[in-house]
Structure formats: structure tokens, C-alpha cells
Amino acid sequence: MQTLTIYNSLTNKKEIFKPLKEGYVGMYVCGPTVYSNVHLGNVRTFMSFDMIYRYFLHLGYKVRYVRNITDAGHLTDDSDEDKISTKARLEKLEPMEIVQRYTVDFHQILQKFNLIPPSIEPTATGHIVEQIEAIKTILENGLAYEVNGSVYFDVLKYNETENYGILSKRKIEDAIENTRVLEGQSDKKNPQDFALWKKAEPKHIQRWDSPWGIGFPGWHLECTVMSTKYLGEQFDIHGGGMDLKFPHHECEIAQSQACNHVAPVKYWMHGNMLTMNGKKMSKSTGNNILPNEIFTGDNKNISKAYTASVVRFFMMQAHYRSILDFSDDAILASEKGYNRLMEAVNLINNLKPSSSSSIDIKKWKQQCYDAMNDDFNTPILIANLFEGVKFINLINDGKESLTIEDLNKFKTTIDTFVYDVLGLENNADGADNSNKLGGVVEILLQLRKEARENKDWALSDRIRDELIALGIQLKDGKEGTTFSVG
RNA sequence: GGCGUCAUGGCCGAGUGGCUAGGCUGGGCUCUGCAAAAGCUCCCACAGCGGUUCGAAUCCGCUUGACGCCUCCA
């Protein structure tokens, strides 16, 4: 098995990946709060971890991948109302109607981007009982307190024996000095304390009974409870967006320690933000683009529509830990690169084997693995794949050669990384009408060929130019004319 | 204000103490009726100022700038 290194946010270093149990990987990724449509920035994080999931699977690990749906308890501010309920009141819908609508949207969008569904996708509302049990345990361990029907985690007390700030590298002393004083926090002993259970006011729609009265769980708790339930008190990888590092993931660590007295996660992984116009995409600021707007081209930031595969390729061209800026120029360039890659991938089936190989395929293949083994470096992988594109074109031109064994190895490796690991899809052979279209174009190519034999350049050029206007690119080669649909 | 990350060629984006990133764009050549495609090739960058070093864009310090977190956020 390949030696894989992963950048661990807990230590800020690349570390060799060693699973807790040989051959198995437990991975938890914070999912969306389903109160509105997922925007492209949300998608990036899930796509990054999908790539990581895919690579583990390819390496032969048995992976249990858990990604939650937050459908309750996500506090917006100190108004005692959570996001789901606020939206529900606004639209006069049942909370679960909102949850259902945006959960379906989330699944549909991710499917379009060819993300593999996780092994388990638990919901917060489905784990209220477990959350209440966890609160009881934390109370028993003396690290939480009850005030007016709410329960808060006692951060200062926890920090006496443990390190609150171990992940985010914050010092609690600094936090105390710099925390803004907000209204309505009088229930808390300290501003740093966070809610485990919040009392529900009568106007609050989502509510559950508990030993502390009617209320709803705090946001941080669900991930602790669900990751523990499905992956154990300790598991290999916890992922999420960079913006969740503090306070969410810091709180998760504290809660797990308070319950189970062990560090829950071996490798913390954080995907970086997608920006647009240099600023983070986010729902609240409106600086975002929705996937459906990209598929239709209906957004002022883009000049045309782009397919999900092109967007996926665009994102894979950047490292998951780097900020990536979305722009029309950038994605336009990616689209061209994607098309070039896919044309070569299609061409590989036509290559003829030779009696000897002029290219070291084994070395090239290992370079692909080396890239992925270095903290999932997809940009380097793609650079190597373009090296492969060059090989394909040269072999096709008869300038390089591969034996049948090498050719098969080459083809398998290309397919593995392009389809299985990067999760790209080949739009050309995915279209139902491609066969019919191909037949029609073949007729035109025949006509053009006859025109050219008669030196009727006016006609042959007209056929070529009108086809290209429709996005059909002709390529004249020694053995006839081929075409590609752009 | 506090903490942190990053500053790479026309654009997007990797990476490394001395050796090619890659994609897109632009120039040249081969091929072609002319093109396109493909191949070859050119433009060879690393914010600024100091320091360490035989050697730094890569390590250290300072300056400037951008972004992220500190409040819900992938």
C-alpha cells in the first residue's frame, strides 16, 4: 500500500497517515445546515472530501464516511431561535418542510457534481436522545451548568485540565480579553461558554422535552454525538470547511473530551474557502453563486453556462487547502483544459500497440500516485495527466510507442485517476444523442471530403465554418477527418 | 483590537534551498489548399527591504498588502 501523508490541522504539519485500525478509515465531515440552497462554496468542501474519500477507496481502504445534515439547533444569534425555525416562520412552512426541500436540493446538486453519497448521513433531529445523554454526562463530569432551562459548557473549568484552543491555537486568556460583550448573554457564566441545550421560548417551533425543560440542542453537540455513535470515541479523520475550525470544531473536541476523556480525532482536515471577487462566498453576504446558475449561465459573474464536470475540474486544479477564486476567466480556461484532457482520454482507445515502449509508463504512473500521496495534491496529479495527454497525442501521431502491456497499464491508470479519483465525467459519451449527431456530422464530413477532392474550397470551408459555429470542431489528420463536440 | 494564513510570469494555479510545474492566452516553426487540431519552440515569474548560506523565490526578521477566524457560515 502507498504511503500517504496528510496535513493535520491539529499539528499544522504533514503526517504519515496511519489508520487506527489497519485497512479501515473512519471519516466524519460536517455537512450543511439545510435552510437554503447550497452555493458553490459549500460544494467545494464536500467535493474536496469526496476526492479524498475516493482516493481512500481506490487505495483499498474500507471507509466509513459520515456526513451529517444539520436540521435543527443551529443558533443564528442570541435570539433563541435557530436557523431552520426562522426560515420556517418566514415562509409559513413546517420546519421539516424546509428541511426536506433543501435536503433534496443538496442531494441533487451533489449528484450532479458526481459526489459519491457518504456511508451514513445522519440528521441532528434524529439524534436528540443521544444529545441529551451527552449533556447529562458532561453535567455529571462537572463541565457544564444549568441556568433557566438552558445548559452551557463551562469553558474555563474545562481549560483548567484540558486545552481549549488546541485546534485553533487560540489562548483562552486572549479570548477573555477580546470577546465582545453582547446583549442577552446574562445566563452564561462566561462569554466563551457555549450552549449545549437552549430553552425554547413559546414562539419557538422546533422543541423537544429534556430533563431541563422544553428546548433544543446546541449546534456543536450534534457532530460530537453522531461521530461518536457511528465512528467511535476515537476515529481517524474529521473534515470540514476552514471556517468551522473555530469555534465549532474546537467545541467538538471539548465536548468529546468532557464525555469520553479522549481526543476524538487523529487527523483534522480543513478545506479552504472558495472566493468570488476576492471575497469568501457566503450565504449571509450574498457574495455567492448557485450551481444551477452555473448550469444555466444565469449569473452576472459568468459569461456562459458551464457543466458540472468543468466546475469539478476547475476545483480539482487547485489544492484543497488553498483559497480558490472563482471567475469567468478562470473557469473558461479550465473548460478548455478539461476538453483537451477528455479528447485525449477518448483517443486512448484508438491507440495501436507496438513491439516496444519508448515511454516509461511505470515511472509516470508512480508520479501520479506520489502527487496524491502528498496530501492529495490534485493540481500536481492533473499536471501529470496532461503529461499523459501529450503521450497519447504523440503515440497517435506515431512519434512514440507502447507495448500492449504498457498501453493497458497506461489506459487503466488514466481511467483510475480521471474517473475514479478526480470523479470527472466524460460529457461526450454521456450524451444520448451523440450517436445520432455523429451520424449527421459524418454525412457532412463526406460532403466536405468530396468538395475538397473537387477543390471546391468555398463549399468545404462553409461546411467547416458552419459546424464550428455550432461548436463542432473538425480536425483534419492523415487518416481522415475527425471531430469533437465542444 | 486579538489570532492565523497567504503574497508566484498576461490570467488561473503547484512546488522546491542549487535542477521543467501544469492549464489558459500571446509569438515562431512543422503539418495543411488555407485553417484548425496535434507536435516542437519562445516569452523563464516568485510583493519590498534586510539577514543566514558557497547558493534563496524557497529558511529567519521587518515593511506593505490581501484574505480568513474572533458572531451563523463549507
Side-chain angles (χ1 to χ4, degrees), chain A residues 12 29-33 35-36 38-49 67 70 74-78 82-83 86 165 168-171 173-180 182 191-192 219 239-248 250 270-275 278-285 288 313-314 317-319 321-327 329-338 340-341 343-344 347 371 374 377-387 389-390 392-394 396-397 399-400 452 455 457 460-461 464-465 468 473-478 481-484:
Chain A
N12 283 347
V29 172
C30 291
T33 305
Y35 69 102
S36 67
V38 282
H39 60 69
L40 200 63
N42 302 123
V43 171
R44 185 185 180 201
T45 298
F46 302 128
M47 193 184 286
S48 294
F49 285 100
R67 189 183 65 211
T70 298
H74 206 156
L75 299 174
T76 49
D77 47 28
D78 286 292
D82 69 45
K83 283 197 168 177
T86 304
S168 56
K169 313 291 183 283
R170 283 159 200 266
K171 289 192 171 60
E173 295 79 10
D174 296 341
I176 291 167
E177 286 173 22
N178 294 300
T179 301
R180 298 174 201 167
L182 298 170
Q192 295 73 35
W219 170 41
M242 202 76 99
D243 50 353
L244 296 185
K245 202 169 175 182
F246 188 90
H248 184 54
E250 196 71 60
H270 289 97
N272 217 324
M273 299 293 104
L274 182 69
T275 61
K279 303 270 190 192
K280 176 186 172 184
M281 271 195 200
S282 84
K283 283 170 195 164
S284 50
T285 61
N288 66 61
F313 180 75
F314 164 71
Q317 275 188 301
H319 189 97
R321 280 192 291 112
S322 296
I323 292 170
L324 174 63
D325 194 60
F326 181 89
S327 68
D329 283 349
I331 197 153
L332 207 54
S334 287
E335 183 180 53
K336 291 187 179 177
Y338 167 82
R340 199 162 98 85
L341 176 65
E343 280 175 27
L347 190 61
D374 183 12
N377 198 325
T378 53
I380 295 288
L381 170 66
I382 288 172
N384 280 311
L385 291 179
F386 274 107
E387 191 73 10
V389 167
K390 189 188 267 191
I392 291 168
N393 287 322
L394 285 170
N396 190 49
D397 285 352
K399 291 171 180 164
E400 301 279 3
R452 293 176 75 194
K455 298 206 189 295
W457 309 125
S460 71
D461 287 358
R464 182 181 69 203
D465 294 344
I468 204 164
Q473 174 76 61
L474 301 191
K475 300 169 194 177
D476 291 335
K478 286 203 171 96
T481 303
T482 58
F483 70 96
S484 62

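Treat the numbers as computed from the prediction; the structure is a model and nothing was measured. In the text below, chain A, chain B and the rest are named by the order of the sequence lines, each starting its count at 1.
- Scored by the side chain to side chain donor-acceptor pair (under 3.5 Å) test, A:Ser334 finds A:Gln317 as partners (sequence neighbours excluded).
- Separating the C1' atom of B:rG13 from that of B:rC46 is a span of 13 Å, rounded to the nearest Å.
- Among residues two or more places apart in sequence or in another chain, the ring-ring contact (aromatic ring centres under 6.0 Å, His included) test is passed with A:His248 by A:Trp219, A:His220.
- Listed by chain and number, the residues in a salt bridge (Lys or Arg N to Asp or Glu O under 4.0 Å) with A:Arg321 are A:Asp375 (sequence neighbours excluded).
- Evaluation of the side chain to side chain donor-acceptor pair (under 3.5 Å) rule for A:Lys280 yields A:Asp243 as partners, not counting sequence neighbours.
- Under the salt bridge (Lys or Arg N to Asp or Glu O under 4.0 Å) criterion, A:Glu343 pairs with A:Lys475, not counting sequence neighbours.
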For nucleotides 5-17 of chain B, read 5' to 3', which letter fits each nucleotide if B means a protein heavy atom sits under 4.0 Å from the base, S means only the sugar-phosphate is that close, and - means neither? -------SSSS--

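- Remark: B:rC3 base-pairs with B:rG68. Criterion, Watson-Crick or G-U wobble with two distances under 3.5 Å.
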Would you mind building the protein contact string for nucleotides 37-47 of chain B? One character per nucleotide, 5' to 3', B for base within reach (heavy atoms under 4.0 Å), S for sugar-phosphate only, - for untouched. SSSS-------

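- Residues passing the side chain to side chain contact (heavy atoms under 4.5 Å, CB included) test with A:Thr285, sequence neighbours excluded: A:Ser282, A:Asn287.
- Qualifying salt bridge (Lys or Arg N to Asp or Glu O under 4.0 Å) partners for A:Asp476, counting only residues two or more places apart in sequence or in other chains: A:Arg448, A:Arg452.
- In this view, A:Phe49 satisfies the ring-ring contact (aromatic ring centres under 6.0 Å, His included) rule with no residue, not counting sequence neighbours.
- Here A:Lys245 lies out of heavy-atom contact (under 4.0 Å) with every strand.
- Base pairing analysis places B:rA47 opposite B:rU63; the two distances defining the Watson-Crick or G-U wobble pair are each below 3.5 Å.
- Nearest-nucleotide mapping onto RNA chain B: of A:Lys283 and A:Pro247, the residue sitting toward the 5' end is A:Pro247.
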Shorter than 3.5 Å, N or O on both sides, protein versus nucleotides 25-29 of chain B: list them out with atom names.
from   : atom 1 : to       : atom 2 : distance (Å)
B:rU25 : OP1    : A:Lys336 : NZ     : 3.3

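- Of the nucleotides present, B:rG28 is the one that pairs with B:rC40 by Watson-Crick or G-U wobble criteria, both distances under 3.5 Å.
- For A:Lys283, the salt bridge (Lys or Arg N to Asp or Glu O under 4.0 Å) criterion is met by no residue, not counting sequence neighbours.
- Nucleotides B:rC40 and B:rU8, compared at atom C1', are 27 Å apart to the nearest Å.
- Among the nucleotides B:rG2, B:rC34, B:rG23, the one closest to any side-chain atom of A:Asp461 is B:rC34.
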